[in-house]
Visitor: 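Before we start, here is the structure in question, set down as structure tokens.
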Amino acid sequence: MANEVTTKAASGLGAIAAGLQRAKKQMPSFGGKAFLKFAKDGEWSVGRGGDDLTNERIVVNVESLKSGYVCWTNHEKKKNEKLGEEMMLASQGSVDPSNLKDLGWDWKAQQSFDGRFIDGDKKEVTYTASSVGGLEAFDGLIDAVMARLGEGEETFIFPVVELQTDWYEHNMYGKTYKPVLDVVAWVNEDGDPEGSAKKAAKKKEAEAEEPEAEDEPEAEDEPEAEEPPVKRRRR
């Protein structure tokens with residue numbers, strides 16, 4: 001009887017744990033990394049009312065790259081809400097669009113990555129994009145990483161991107177801004193720049209090859225000059 005009760009209790013706890021896990025997935029995200037945003041006015045910022053971060057640089061964690069789909073309502077005169085999101089790490093595969101639930105609104109392609117500012121407090125952020133301009137920026141970033149890997153590089157594969165802005169003339173909306181992720185450098189997983197690491201390695205190698213200076217022999221004391229003998233005159 002005791003074993004039966006224990007088994008039922010364990011089974012019930014498992015169901016509760018599974019239910020809590022499902023509930024957690026449906027909850028909004030609290031804390032953690034701040035969200036990096038690109039506004040319609042062409043400015044980059046973090047959080048509400050944040051300073052313009054255009055021209056700032058961040059290191060992109062390529063291992064955090066995700067792709068998938070997001071579903072938003074598309075009301076014209078009231079606030080829209082996110083109805084669903086399915087994302088997967090690029091290293092693990094891709095989301096099958098045929099498995100997406102019908103939520104009454106269109107699913108749009110979406111990509112994201114985690115990064116860290118290289119200056120100041122080195123704040124960690126997450127950038128997510130589903131707009132045409134945003135996906136175009138991601139496409140260029142992924143191409144750069146793939147080209148790097150194609151060259152055989154295995155260490156300095158984390159891009160440092162400068163947050164830039166471009167624009168184009170839209171037929172309906174006029175001047176439309178789009179984000180640009182300009183790759184300006186590469187670092188390793190510890191954040192060491194490629195150039196400085198190579199210089200440090202060369203300096204270390206040069207120091208190892210440089211022979212140690214030999215001690216100069218001490219100068220021997222020179223013998224004092226003898227005075228010439230005095231000649232005596234014969235008387």
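Note that the structure is predicted; figures quoted are calculated from it, not measured.
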Visitor: Are L181 and L163 close enough, and set up right, to give a side-chain contact (heavy atoms from CB on, under 4.5 Å), and what steps lead you there?
Guide: CA-CA 5 Å; L181 301 170; L163 304 177; 3.9 Å; yes
Visitor: Determine whether a donor-acceptor pair (N or O, by modelled atom type, separation under 3.5 Å) exists between the side chain of H75 and the backbone of K77.
Guide: no
Visitor: Give, for atom CD1 of I142 and atom CG of L135, the distance between the pair rounded to the nearest 0.5 Å.
Guide: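 Here the rounded value is 9.5 Å.
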Visitor: Considering all heavy atoms of both residues, which atom of W105 and which atom of N74 are nearest to each other, and what is their separation?
Guide: CZ3-N, 3.3 Å
Visitor: Which pair of non-hydrogen atoms, one from D192 and one from F156, has the smallest distance, and what is that distance?
Guide: O-CE2, 3.4 Å
Visitor: For the CG atom of L103 and the CH2 atom of W72, what is their distance to the nearest 0.5 Å?
Guide: 13.5 Å
Visitor: Test side-chain contact (heavy atoms from CB on, under 4.5 Å) on E85 and Q110 and set out the steps.
Guide: CA-CA 9 Å; E85 183 180 59; Q110 179 174 267; 2.7 Å; yes
Visitor: Quick one: does L141's side chain get under 4.5 Å of F113's, heavy atoms only?
Guide: yes
Visitor: Looking only at heavy atoms, what is the nearest atom pair of Y127 and L36, with distance?
Guide: CD1-O, 3.3 Å
Visitor: Quick one: do E154 and R148 make a salt bridge, cutoff under 4.0 Å?
Guide: no
Visitor: Is there a donor-acceptor contact under 3.5 Å from the side chain of W107 to the main chain of K101?
Guide: yes
Visitor: Where the side chain of T176 meets the backbone of E169, is there a donor-acceptor pair that is under 3.5 Å apart?
Guide: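 Absent.
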Visitor: The test is side-chain contact (heavy atoms from CB on, under 4.5 Å); show your working for D143 and F138 and say whether it passes.
Guide: CA-CA 8 Å; D143 282 348; F138 266 91; over 6 Å; no
Visitor: Considering residues, nucleotides and ligands other than E153, do more than 12 of their heavy atoms fall under 6.0 Å from its CD?
Guide: yes
Visitor: In the single-linkage hydrophobic clustering (I, L, V, M, F, W, Y; side-chain heavy atoms under 4.5 Å), do L149 and V183 co-cluster?
Guide: yes
Visitor: Could you tell me which residues satisfy salt bridge (Lys or Arg N to Asp or Glu O under 4.0 Å) with K79, sequence neighbours excluded, listed by chain and number?
Guide: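 If we apply the salt bridge (Lys or Arg N to Asp or Glu O under 4.0 Å) test to K79, skipping adjacent residues, there are no hits.
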Visitor: Taking atom CG as the centre, does D190 end up with more than 12 heavy-atom neighbours from other residues, nucleotides or ligands that are less than 6.0 angstrom away?
Guide: yes
Visitor: Supply the atom-to-atom distance E81 CD to C71 SG, rounded to the nearest 0.5 angstrom.
Guide: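 Output value for this atom pair is 10.0 Å.
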Visitor: Where is the tightest heavy-atom contact between K178 and F38, given as atom of each residue plus distance?
Guide: C-CZ, 3.4 Å
Visitor: Looking at Y177 versus W44, is the centre-to-centre ring distance below 6.0 Å?
Guide: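 That pair fails the under 6.0 Å test.
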Visitor: Just so I know, are the side chains of K33 and V125 near enough to count as touching, which here means a heavy-atom distance under 4.5 Å?
Guide: no
Visitor: N80 and T73: side-chain hydrogen bond (donor to acceptor under 3.5 Å, both in side chains), yes or no, with the steps?
Guide: CA-CA 5 Å; N80 290 298; T73 59; 3.0 Å; yes
Visitor: Do you know which two heavy atoms are closest between T54 and E43, and how far apart they sit?
Guide: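 Looking at all heavy atoms of both residues, the shortest contact is OG1-CA, 4.1 Å.
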Visitor: Starting at NZ of K108, measure out to OG of S131 and round the result to the nearest 0.5 Å.
Guide: 7.0 Å
Visitor: Is the shortest heavy-atom distance from the side chain of V161 to the side chain of V180 under 4.5 Å?
Guide: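 They are not in contact (no side-chain heavy atoms under 4.5 Å apart), so the answer is no.
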Visitor: How close do M87 and S112 get, heavy atom to heavy atom, and via which atoms?
Guide: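 Distance-wise, the nearest heavy atoms are CE-OG, 3.7 Å.
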Visitor: Say you draw a straight line from CH2 of W186 to CD of E194; how long is it, rounded to the nearest 0.5 Å?
Guide: 9.5 Å
Visitor: Any side-chain heavy-atom pair from K123 and R116 closer than 4.5 angstrom?
Guide: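 A side-chain contact is absent here, since even the closest heavy-atom pair is not under 4.5 Å.
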Visitor: Do I157 and V145 have side chains that approach each other closer than 4.5 Å (heavy atoms only, starting at C-beta)?
Guide: no
Visitor: If hydrophobic clusters are built from ILVMFWY residues whose side chains come within less than 4.5 Å, do F158 and V184 share one?
Guide: yes
Visitor: Hey, what do you get for CG (D182) to OG1 (T165), rounding to the nearest 0.5 Å?
Guide: 11.5 Å
Visitor: Side chains of residues 55-66: which donor-acceptor partners sit under 3.5 Å, not counting sequence neighbours?
Guide:
{"residue": "N55", "atom": "OD1", "partner": "Q164", "partner atom": "NE2", "Å": "3.0"}
{"residue": "R57", "atom": "NE", "partner": "E162", "partner atom": "OE2", "Å": "3.0"}
{"residue": "R57", "atom": "NH2", "partner": "E162", "partner atom": "OE2", "Å": "3.2"}
{"residue": "N61", "atom": "OD1", "partner": "E63", "partner atom": "N", "Å": "3.1"}
{"residue": "S64", "atom": "OG", "partner": "N61", "partner atom": "O", "Å": "2.6"}
{"residue": "S64", "atom": "OG", "partner": "D114", "partner atom": "N", "Å": "2.8"}

